[in-house]
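So the structure is just underneath, and the comments pick up after that.
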Amino acid sequence: MDITEIITKKREGRELTEGEIQRVVEGFTAGEIGEGPMAALLMAVVFRGMTSEETAALTLCMARSGDRLDLSGVSGLKVDKHSTGGVGDKTTLVAAPLAAAAGVRVPKMSGRALGHTGGTIEKLEAIPGLTTALDPDRFRSQVEKIGLAIAAQTESMVPADKKIYALRDATATVESIPLIASSIMSKKLAVGADALVLDVKVGEGAFMRDLEGARSLAKTMVEIGARAGRRVVAAITRMDQPLGAAVGDAAELAEAVKTLAGEGPPDLVELAETLAGHMLALGGAAEDAEQGRARAHAALTSGAGRAKLMEMVSAQGGDRGALESPERLLAGAVASPVELDEDVFVSDIDAREIGLAVRQLKEAAGEEKHLCGVLLHKKIGDWLDGTPVATVLSPPMAEDVIWDVVQRVRGAYEMREERPTRSPLIVETVTA
Ligand code: URA
């Protein structure tokens with residue numbers, strides 16, 4: 001069957017066979033199928049969807065499209081963690097060291113920033129000297145030796161996703177559950193961890209804005225994992241306002257380090273301990289997620305999680321001294337206050353706008369992009385008392401850009417006179 005027939009079949013809502021999906025993935029990755037037909041097929045998928053068999057076949061073909069990381073030689077159960085993307089989401093930098101300190105091996109390949117959401121790799125790169133470019137041998141031996149490595153996905157892994165994602169981005173076909181699920185899970189399956197904990201974000205600051213969509217994405221990914229023989233648990237968590245107080249690479253890294261030192265914001269602590277708890281349960285280091293959470297909490301209060309992060313930073317060539325006093329990470333940043341009327345409650349903070357405001361700053365910044373950020377001093381439910389609600393951080397740059405961003409952050413706040421009710425951060429857990 002040629003590509004036009006495959007497009008027609010999907011356009012009419014019929015199920016594609018594994019062979020047809022393989023032909024499309026291999027043909028597009030090799031450049032034999034052009035962007036035009038591929039874009040038409042992706043749009044047909046957006047409108048017609050995919051069955052679970054089709055989605056699983058797409059994921060596996062994509063996972064096989066390039067190099068894979070074989071972790072079978074690394075002892076013990078290996079557990080990965082992934083977030084579908086949020087604003088201020090530095091959870092990996094807290095949950096991964098906690099889980100590793102409490103007894104599971106964490107081999108984590110992370111992505112860079114996508115759209116309005118930040119990326120773990122840029123946050124780690126705010127540490128002087130640290131490399132996230134670990135070759136497979138170095139990655140494996142670090143996981144064996146200290147139980148934790150966080151590296152950037154290499155160019156040769158999952159090339160099909162790189163090409164398909166770029167085309168989706170350019171053709172308004174990102175928002176599709178089978179396409180998002182296969183994109184994320186292909187990258188996870190290419191790294192041979194035994195189990196995976198997913199943080200599926202829901203809300204205005206997430207790719208999935210409503211609970212129904214988030215649930216469906218979570219179920220789809222858990223099912224793909226089960227078909228591929230991996231144990232997967234997904235936590236659906238709220239992303240209406242940014243997580244914690246810091247947004248931006250160095251600011252988030254500093255907040256993660258402070259959190260591991262016992263001085264973290266309650267939402268970040270709750271999420272990191274919960275996800276680390278699931279990781280420990282899946283990795284056999286706890287009987288269940290609740291016991292895992294208690295172990296993660298103990299690793300936080302004892303300082304073992306912080307020590308594990310430091311160990312990883314040293315192993316990856318980073319200056320651990322820079323983390324001893326996290327404020328140093330922001331040295332040289334210009335701080336611009338954001339002020340709002342007093343005597344009202346904060347009822348909403350548009351996380352997407354805050355994420356885009358930081359991106360706007362980064363686009364205008366030179367070398368020191370990592371200094372761009374926003375610190376939120378007031379979150380939903382807080383009373384405005386006349387002190388600044390937020391601070392915009394940037395390297396020295398044109399005042400009109402900073403002014404624009406200060407106005408944008410101001411505009412992201414909504415206020416009202418009655419105290420708003422707070423929604424729980426962790427909505428539900430999806431298992432196979
Ligand atoms: N993250 C990914 O890796 N892929 C998507 O399609 C969406 C979020």
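Counting starts at 1 for both ligands and their atoms, following the listed order.
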| Where ligand 1 meets Ser183 - atom numbers and elements under 4.0 angstrom, heavy-atom basis | 2 (C), 3 (O), 4 (N), 5 (C), 6 (O)
| request: Determine, using heavy atoms of Ile184 and all atoms of ligand 1, whether some pair is separated by less than 4.0 Å. | output: yes
| request: State plainly whether the residues Glu5 and Lys9 are in salt-bridge range, i.e. N to O under 4.0 Å. | output: no
| task | Identify the protein heavy atom lying closest to atom 7 (C) of ligand 1, giving its residue, its atom name and the separation to 0.1 Å. | result | Ile180 CG2, 3.7 Å
| Is Arg293 reaching over with its side chain to a backbone N or O of Gly277, donor-acceptor style, under 3.5 angstrom? | no
| Counting only heavy atoms not in Glu155, do more than 12 fall under 6.0 Å of its CD? | no
| query | Do Gln153 and Ser110 have side-chain N/O donor and acceptor atoms under 3.5 Å apart? | reply | no
| task | Considering only non-hydrogen protein atoms, determine which one is nearest to atom 8 (C) of ligand 1 and report residue, atom name and distance to 0.1 Å. | result | Leu114 CD2, 3.7 Å
| What protein heavy atom sits nearest atom 3 (O) of ligand 1, and how far away is it? | Lys187 NZ, 2.5 Å
| message | Are Met279 and Lys81 packed together at the side-chain level, in the sense that at least one heavy-atom pair is separated by less than 4.5 angstrom? | response | yes
